[in-house]
Amino acid sequence: MIRHRLVSLSGGLGPLIVVILAGIYLHNYRLGVAELILIDTILGLGLNVFMGLCGQANFGVSGFAAIGAFGSALLETKAHMNPLIALIPTLIGGAIVAYLLSYVLLRLREMSLAIGTIAVALAIYAFLQSVLPLTWGGGSNGLGVPVMTINGWYPGPRLFYYYAAAWAVLIYVGYWRLERSRVGRAWRSIRMDEGAAAAAGINTQGYKRLAFVLNSAVAVLAGTLLVQQSGFTSADNFGIFSNLTILLIVVVGGEGSAPGSVLGAALLVILTQETSTISTGPTFIYGAVLFVVIRFLPRGLWFYVTATFEFLLRKVVPDSLLRARAGDAHA
Amino acid sequence: VSTFLTYTFIGLGLGSIYGIFGLSFGGIYTSTGIVNFAQGDFAMLGGMISSVAVHRWGWPYPLGLLLSMAAAGLLAIVIQFAIVEPLLRRNAGLIAIIIGTVAIGLMLEGAIGATVGYATQPTANYISSNAYHLGNVVLAKIYLVIIIATVLLSVGYWLFTRKTIWGKALLATGQDHTGAQAIGIPSRWVRTWAFVLSASIAAIAGFLVAPLVSVSVTEGYSLLIYGFIAAVVGGIDRPYAALPGGIIVGLLTSYVAGWKGDYVDFAQVGGLILILAVRPKGLFGVNSA
């Protein structure tokens, strides 16, 4: 059983390992692309907790990423904190905001929840755009942060890359553990039928709140990474379109699927980079990809990738061997 | 006092726009239970196509408006048959359907951006920009037109849903889909009809608001958000509640803008969150949950 779990974890880690290994051999611009993929993976995994596992709509993730980006940027520039130390109060602050907001948002369901979360993201955006610049600066002009160093020692641009990769692996394994825990099962039961879950004695509000706070905290973390990655943050980075990208990662990769988040993030980041020079911009292509996935591939890309792989495996490997392996898994 | 009255009038005008747009969600929401996130794009079509028709092709304004309504209606049929019906039949979740409507909206924005251009278009100024003066109170003509159009549209919508057989069928489908089918209502056609109706109302809103905002491909987003806010403040379960909801939001916007312009966006969404916290079903909604 333990062996089986390890096998499934390492199999699921596949895409993430590919991204990380690729990053080791990439330079300059392409290294930046790999970093963005890692950050988007983290955002996707966070949203997958609330949307994939727990089945709730959240269109407000970018708001919390903005809290992370601006919180850490302000602490670094105004209070001269080290990014690692600035991360702690930023995360705690973001989690408290999420916790308080959850009392408002989780009274809502489905459509109203979708709109309520959009409202939260817009409120945070409007705050950063118009209220914050009056006292602290920022807004559309943005805030710059110094390059990440270890106590002043700068080993090169790869330092941030490994830092981001370490977070991606940590969040990934954490997600994988949660998915298979008691909490993960409770979330899935809420996703399937909230009423039935409540009737079975599951504290549905509590578990939903936990999922929302985790989702938001992970987004805050990703926000702090984003500002380190570009060395700069502006309120314009967190408009309504950025939310769409995060949502797309989850939907394209497959709701509730951790390897799917990596796949979705990789696909979307590369797509965005490659199409940014075309005059129609990424808008049409985003829409087309989303349409094809929603309409024809409802389970997300990762599911179809593994299904194809399994189909090919069946063609190559003798039947008796596969049956033995399946029996192993059930034992 | 006169400044206050001027701002009240502007607030009423703005609120009417938000209200019409909130109302345009209603047709789709009552018949399918989904909020169409491509609704902003219907309004964008209303502004863009009428602008192209009037300024590039030299058409008269009413024809431009009709053309944009037809285009929005056509788009609504596409959304209905390409995404909503297949996903409803598959029993996909509401989130999937929302994202599907977003997908079509994005494709449309890309397509319009590629053909017409992303730049801001010249607006179809269907009315002169001067104003009436009552003493010191300034009443801009454009807001007057918007208010009158809103009253006409909402009365028309009300008469349609209460007095005509198609309107009643629309309400019935929304209340109980299976029940409506059982008594012989062709619910798929009713839903299509509801989509077209909503799209045309949104296109009218986009056309009316064009002289006040800059008409561009991304214009739909701000209208979408205002429409949401109006609908949620009023209560999404009741289509007409979007009208008073919109007017409340419009007045708030106008007063805050008159006091300190920087805070407008924040006041709007902040107010929305406050209302969601106190009355999650909206001010005039049925609070059953």
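In the text below, chain A, chain B and the rest are named by the order of the sequence lines, each starting its count at 1.
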Measure the CD1-CZ distance between B:Ile98 and A:Phe59 for me, rounded to the nearest 0.5 Å.
4.5 Å

Bottom line for A:Val289: the part with an atom under 4.5 Å from chain B's heavy atoms is neither

Identify which part of A:Leu247 has an atom lying under 4.5 Å from any heavy atom of chain B, answering side chain, backbone, both or neither.
side chain

Side chain, backbone, both or neither of A:Ala114 within contact of chain B (heavy atoms, under 4.5 Å):
side chain

Roughly how far, to the nearest 0.5 Å, is CD1 of B:Ile99 from CE of A:Met51?
4.5 Å

Take atom CZ in B:Arg90; do more than 12 heavy atoms of anything else shown fall under 6.0 Å from it?
yes

Out of A:Leu101, A:Leu248, A:Leu122, which one racks up the most heavy-atom pairs below 4.5 Å with chain B?
A:Leu122

Taking the side chain as every heavy atom from C-beta outward, state whether B:Phe37 and A:Ile118 have any pair of such atoms under 4.5 Å apart.
yes

Quick one: does A:Arg295's side chain have a donor or acceptor within less than 3.5 Å of a partner on B:Ala82's backbone?
yes

In Å, rounded to the nearest 0.5 Å, how long is the span from CG of A:Leu244 to CG of B:Leu106?
5.0 Å

